[in-house]
Chemist: 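Okay, handing you the structure first.
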Amino acid sequence: MAEADTADATAVPFDPFELKDVVSGRIRDPYPALHELRRQSPVHTGPIDLGEGAEIADPSRPPPVTVFGFDEVVQVLRDNETYSSSVYEGIMGMVMGRTILQMDGLEHRGARALVAPSFRSKMLERWESDLVAVVVNDLVDGFIDRGQADLVREVTFNYPVQVIARLLGLPRADYPAFQRWAIELTSTAANWERGMAASASLRDYFAGVMAERRGTPGDDLISDLVRVEVEGERLTDEEIYSFLRLLLPAGVETTYRATGNLLFALLNDRTQFEALRADRSLYAQAFEEAVRWEPPVTVILRRATRQTELAGVTIDEGADVALLLGAANRDERKYDQPDRFDMFRDVRQHVGFGFGVHVCLGMHLARMESRVAINTLFDRLGPFMLDPAAEAPHIEGMAFRSPLSLPVVFSAS
């Protein structure tokens with residue numbers, strides 16, 4: 001590889017948790033406050049205090065709106081004409097570039113059609129055994145002889161970014177630099193300058209890779225993106241850069257946190273742990289319940305394109321609308337005992353991956369990656385359990401939620 005080989009692959013090893021995104025916050029249990037606010041009204045106007053102080057509203061803009069109810073969140077996500085995704089232009093546009101996340105209408109449909117083929121089921125089937133299983137087994141090899149491990153730091157945090165790197169066909173020597181850029185990009189809210197520098201570094205890096213793949217295409221996602229054509233349209237270089245940047249937080253954060261949340265739930269309920277270990281066909285319902293119970297991303301945003309009304313509450317044109325997916329997924333009007341993780345519950349529909357035309361493009365990849373990771377841990381570690389000598393782990397955060405550690409012990413044969 002030409003320019004790409006100059007990546008700082010020899011960077012000093014670092015603790016990724018030093019870059020923890022402060023927008024996640026330190027909130028352990030926001031749900032009592034969310035329940036109370038939703039019971040008052042599923043839709044609120046004005047700043048909301050969820051435990052870390054309410055943000056000060058900009059008096060020059062329409063009052064912000066927060067949506068807590070399941071049906072109300074779905075109503076907003078169904079109506080992409082009244083509620084626009086353009087709000088993300090000012091939030092992520094400077095860092096990511098123009099992505100499908102902030103597009104509406106025909107532009108969104110066309111861009112999504114160009115990148116969607118890379119995530120079709122045939123591709124996922126091939127990636128499962130040839131790529132994801134290899135990555136997870138390599139990580140398990142690094143600690144299986146110890147009889148103990150922190151599954152977050154040694155598995156769930158590391159394998160999604162390695163999977164993405166392999167999907168892109170990047171050299172293994174570049175993984176350390178690529179992972180650091182990925183983490184710095186997703187923690188832009190904590191350090192704007194660092195995030196912008198990571199964005200520029202990724203652009204320069206991908207430029208070298210794309211130039212190489214145009215000359216010598218490979219069996220990888222970047223080669224697919226530089227060649228894809230739908231109805232005579234192709235992706236521009238800037239569109240590819242933006243999509244690849246978006247792939248990092250979308251593909252890495254979601255899988256890492258969803259897998260960690262499912263493991264946390266199972267490790268704290270031995271009955272469900274053993275049920276899934278004994279019958280892997282239960283995985284799908286266990287994963288969906290985990291995403292309902294603790295969605296890895298708890299809030300998405302929209303902007304009202306006109307004055308409208310939701311649950312009897314007036315929303316002004318131009319108002320920013322925050323959809324609290326975590327609150328919607330625990331709406332007691334829809335779920336019995338919503339605060340309980342129960343993979344056997346009857347109703348498992350959720351909005352943890354969004355809904356409507358912007359539903360998460362990589363959700364099938366996340367499901368597959370998590371299934372491979374969970375199955376590999378069951379197969380290789382046996383009936384692992386929380387380490388009784390370690391501090392009990394917990395899930396924390398607000399915008400993003402997951403455990404920061406999962407110390408376990410096992411007696412692998």
Chemist: For E72, is there an ion pair with R333 - N to carboxylate O distance below 4.0 angstrom?
Modeler: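 Salt bridge present between R333 and E72.
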Chemist: Run the side-chain hydrogen bond (donor to acceptor under 3.5 Å, both in side chains) test on E36 and Y31 for me, step by step, so that the C-alpha distance in whole Å, both residues' side-chain angles and the decisive distance to 0.1 Å come before the verdict.
Modeler: CA-CA 8 Å; E36 178 57 32; Y31 295 106; over 6 Å; no
Chemist: Measuring from I300:CD1 to S85:OG, what's the distance to the nearest 0.5 Å?
Modeler: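 One gets 8.0 Å once the value is rounded to the nearest 0.5 Å.
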Chemist: With D237, which residues qualify under salt bridge (charged side-chain N to carboxylate O under 4.0 Å, His left out), at least two apart?
Modeler: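 In terms of salt bridge (charged side-chain N to carboxylate O under 4.0 Å, His left out), with neighbours along the sequence ignored, D237 is linked to R214.
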Chemist: Determine whether a donor-acceptor pair (N or O, by modelled atom type, separation under 3.5 Å) exists between the side chain of R277 and the backbone of Q272.
Modeler: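 Not at all, since once roles are kept as given, no pair shorter than 3.5 Å links the two residues.
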Chemist: State yes or no: are the ring centers of Y256 and F157 separated by less than 6.0 Å?
Modeler: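 Yes; F157 has its ring centre under 6.0 Å from that of Y256.
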Chemist: What is the distance from atom CG of N329 to atom CH2 of W293, rounded to the nearest 0.5 Å?
Modeler: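 If I round to the nearest 0.5 Å, the distance is 12.5 Å.
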Chemist: Side chains of R153 and S405: any donor to acceptor distance under 3.5 Å?
Modeler: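 No - no donor-acceptor pair under 3.5 Å links their side chains.
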Chemist: Which label fits F70 and Y335: parallel for a plane angle under 30°, tilted from 30 to 60°, or perpendicular past 60°?
Modeler: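 Perpendicular, since the angle between the ring planes exceeds 60°.
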Chemist: Decide whether N375 and R280 meet the rule of one side-chain donor and one side-chain acceptor closer than 3.5 Å.
Modeler: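 Their side chains do contain a donor-acceptor pair, which is all the 3.5 Å distance test asks for.
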Chemist: Kindly check if the number of other-residue, nucleotide or ligand heavy atoms within 6.0 Å of CD (E81) is above 12?
Modeler: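 No, not enclosed.
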Chemist: At what distance, to the nearest 0.5 angstrom, does CG of D320 lie from CD1 of I315?
Modeler: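 Output value for this atom pair is 11.0 Å.
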Chemist: Do we get R270 above F273's six-membered ring, with its NZ or CZ under 6.0 Å from the centre and within 45° of the axis?
Modeler: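 Yes, cation above the ring, under 6.0 Å and within 45°.
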Chemist: Is NZ or CZ of R367 both nearer than 6.0 Å to the six-membered ring centre of F287 and within 45° of the ring axis?
Modeler: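 Because its charged atom misses either the 6.0 Å distance or the 45° angle limit, R367 does not stack over F287.
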Chemist: Say whether H35 and D331, considering side chains only, have a donor N or O and an acceptor N or O under 3.5 Å apart.
Modeler: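 No pair is found: no donor N or O on one side chain lies under 3.5 Å from an acceptor on the other.
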Chemist: Test of understanding: with salt bridge (charged side-chain N to carboxylate O under 4.0 Å, His left out), list the residues that count as partners of R340, not counting sequence neighbours.
Modeler: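 R340: salt bridge (charged side-chain N to carboxylate O under 4.0 Å, His left out) contacts with D342.
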Chemist: Side chains of R302 and N80: donor-acceptor distance under 3.5 Å anywhere?
Modeler: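 On atom types as modelled, these side chains do not qualify, holding no pair under 3.5 Å.
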Chemist: Hey, is E294 close enough to R330 for a salt bridge, meaning N to O under 4.0 Å?
Modeler: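 Counted as a salt bridge, because a side-chain N and a carboxylate O are separated by less than 4.0 Å.
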Chemist: Look at R213 together with D220 and state whether they make a salt bridge at an N to O cut-off of under 4.0 Å.
Modeler: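 Here R213 pairs with D220 in a salt bridge, since their nearest N and O are under 4.0 Å apart.
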Chemist: Rounded to the nearest 0.5 Å, what separates atom OG1 in T271 from atom CG in L266?
Modeler: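 The OG1 atom of T271 sits 11.0 Å away from the CG atom of L266.
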Chemist: Mark yes or no for whether S223, through its side chain, and G218, through its backbone, hold a donor-acceptor pair below 3.5 Å.
Modeler: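 Pair found, side chain donor or acceptor close to backbone of G218.
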Chemist: Do the side chain of S41 and the main chain of V43 share a donor and acceptor less than 3.5 angstrom apart?
Modeler: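 Yes, S41 side chain to V43 backbone: donor-acceptor pair under 3.5 Å.
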Chemist: For Y159 and T259: C-alpha separation, side-chain torsions, deciding distance, then whether side-chain hydrogen bond (donor to acceptor under 3.5 Å, both in side chains) applies.
Modeler: CA-CA 11 Å; Y159 85 89; T259 307; 2.9 Å; yes
Chemist: Closest heavy-atom contact between V291 and G352?
Modeler: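 Result for this residue pair: CG1-CA, 3.6 Å.
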Chemist: Supply the atom-to-atom distance D387 CG to D150 CG, rounded to the nearest 0.5 angstrom.
Modeler: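 D387 CG to D150 CG: 10.0 Å, rounded to 0.5 Å.
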